[in-house]
Protein chains: 2
Amino acid sequence: MRASLYNPRPEETNLSDFKFFKHLTDAEIGKLNYDKTCQIYKKGSIVYREGSRLTGFYCVTRGILKIYKTGIDGKEQIIRFVKKGDIIAFRSLLSQELACTTAKVIDDAVLCQIPYPTLLFLLQNNWKFSHWMIQILCRELREANDYITDIAQKSVRERLAEVLILLRDNFDVDENDTLQISLTREELANMVGTATESVIRLLSEFKQDGLIDLKGRRITFIDEASIRKIANV
Amino acid sequence: MRASLYNPRPEETNLSDFKFFKHLTDAEIGKLNYDKTCQIYKKGSIVYREGSRLTGFYCVTRGILKIYKTGIDGKEQIIRFVKKGDIIAFRSLLSQELACTTAKVIDDAVLCQIPYPTLLFLLQNNWKFSHWMIQILCRELREANDYITDIAQKSVRERLAEVLILLRDNFDVDENDTLQISLTREELANMVGTATESVIRLLSEFKQDGLIDLKGRRITFIDEASIRKIANV
DNA sequence: ACAAAAACATAACAAAAGTCATTTTAACAT
DNA sequence: ATGTTAAAATGACTTTTGTTATGTTTTTGT
């Protein structure tokens, strides 16, 4: 077997697969591919840190990252998990603010960085693209508002169920309905916004009630419908 | 005295005062003023309702409105209060989604509606304006993320203190540091995301501790610094 | 494969917040 | 100005969630 199968040259990534770029012309995609810098990030590495100045945004080509803010006394609040096909860091970049979140790799990843001037050039010269960007931002803003209502009105139990559904809908499961993404209880807690022990207790309850099965860090869905009912989504 | 002092013709409003429009040319401001429809809204009236299709966005020229989502079993979650100089409804408009919030007047208001085609025309023809729009959206997205961290990690007591500070910083107070905006305890609770009784109890505590004074619906700041300390902002 | 470290699980308890019932007060329309 | 209605206040009680402590299991790195 050739070494490249194990160490794929990250430069080979083609950005035209990203929905984000669907309104760009071939020439513009070309520029993008020319200007990009791709890199492999090992699990645990930090792509950018809260408070840092960004020089570009990133396209996730492979792997999983968590995006989080550091709250009171250092407690992480996970804003979202991102995977292949997602774009990160463009908000802080476009508002010309320092990064307000940290991006940490939780599953070996390949990211392509696009420099800020390239983004600005594309936005300025392609109305379809900037209109699309505006639409994406507006949609994310709605999602954030939805999330605020959720987190403010739902119990921890409901929010945990909701996070499980979110993971189920956005990440891979195997043939037994086992989530392939591996998160610690603490990370789940930081997503839900609660104490680690509460997550442990509630997951145990869900298991006792026959809704899920737990094998170490692996979570298997047994009665997804009931979890959806608890989550109220 | 002339009647117009009591019933100002809302058409007289000039939109060039809005920071939102700061990158428009005089001709564009002219178009805006030409296309706008201004209207007086009495306290209690609804400007648009969650789920409705919007035909334009609104500039708030006078008065106060609350923007809220309806959560589980009809409970309101107030997303924000808006006042003179604020713009509402442009997110749902630009993403071409149905309104995801309701806008209700809590202090007699004057709003100018700008039709969607006008907004689109300005965005498409003035790069400075659409860039400014992108920056505003990105900034609001950061604020939403900050708020999520807050609401997920802080106690009800801390969040109530934070809401008081937010009101203090964004709305008028008289010479005694009394908030001029008049909200019910229920509205405060819907902002904080808690039960009305909890707000009442905590406000009483704040009063007992000499941080605020309460006279009916009027809230007076006595020890603002301590409230900020509780809020952690 | 194995030891060390980290994560997980559980229980007992404390604190925070929600709910319900009742009385008091303030806001609003006439 | 005044009665009516809605909102606010208060207390007793329940439920939820957080905290601390301790033992067990799983990961992880070598």
What one should report as the nearest heavy-atom pair of A:R142 and B:C100 is CG-SG, 3.7 Å
In whole angstroms, the gap separating P of D:dT26 from CD of A:E187 amounts to 19 Å
Open item on the list: Please classify the nucleic acid contact of B:K43 as base, sugar-phosphate, or nothing, using heavy-atom distances under 4.0 Å.
Closed with: sugar-phosphate
Of B:L214 and A:G216, the one whose closest nucleotide on DNA chain D sits nearer the 5' end is B:L214
Does atom CD (A:E50) have a neighbourhood of more than 12 heavy atoms from anything else shown, all under 6.0 Å? yes
Taken to the nearest whole Å, NZ/A:K75 to C1'/D:dT19 is 12 Å
B:R185 has its side chain closest, among D:dA9, C:dA17, C:dA9, to D:dA9
B:L160 CG to D:dA8 P, in whole Å, measures 13 Å
The correct set of residues in residues 172-180 of chain B placing a heavy atom under 4.0 Å from DNA chain D is none
* Asked: For the rings on B:F20 and B:F90, is their centre-to-centre separation under 6.0 Å?
  -> yes
Looking only at D:dA7, C:dC8, D:dT17, the nucleotide nearest the A:S155 side chain is D:dT17
Partner of A:L65 under side chain to side chain contact (heavy atoms under 4.5 Å, CB included), picked from A:I106, A:D86, A:T102, A:V47, is A:V47
Between B:Y41 and B:Y58, what is the ring plane arrangement, given parallel below 30°, perpendicular above 60°, and tilted in between? perpendicular
Which of A:I151, A:N232, A:L164 passes side chain to side chain contact (heavy atoms under 4.5 Å, CB included) with A:R159? Answer is A:I151
Note: contacts of residues 191-210 of chain A with DNA chain D (heavy atom, under 4.0 Å) are A:T194, A:A195, A:E197, A:S198, A:R201
Axis-to-axis angle across the helix from C:dA1-D:dT30 to C:dT30-D:dA1, five pairs each end, nearest 10 degrees, ~ 80°
note: A:E76, atom CD; C:dA7, atom P; distance rounded to Å ~ 11 Å
Run A:I212 and A:I227 through side chain to side chain contact (heavy atoms under 4.5 Å, CB included) and show every step you take.
CA-CA 9 Å; A:I212 58 172; A:I227 297 178; 3.4 Å; yes
Taking every heavy atom of A:V192 against every heavy atom of A:L160, the minimum-distance pair comes out as CG2-CA, 3.8 Å
A:I106 CD1 to D:dT28 C1', in whole Å, measures 17 Å
* Would you say a side-chain N or O of A:R217 is under 4.0 Å from OP1 or OP2 of C:dC8? -> yes
query = In terms of side-chain geometry, is the basic nitrogen of A:E97 or A:R91 positioned less than 4.0 Å from the acidic oxygen of its partner?
reply = no
Between CD1 of A:I151 and C1' of D:dT17 the distance, given in whole Å, is 15 Å
Expected output: side-chain A:T149 to main-chain A:N145 donor-acceptor under 3.5 Å:
yes
| task | Please check if any side-chain donor atom of B:N176 sits under 3.5 Å from a side-chain acceptor atom of B:T178, or the reverse. | result | no
Rounded to whole Å, the NZ-P distance (B:K42 to C:dA29) equals 11 Å
Rounded to whole Å, the CD-P distance (B:E158 to C:dA16) equals 10 Å
For this session: Could you tell me whether B:K104 sits above the aromatic face of B:Y68, with NZ or CZ closer than 6.0 angstrom to the six-membered ring centre and within 45 degrees of the axis?
Result: no
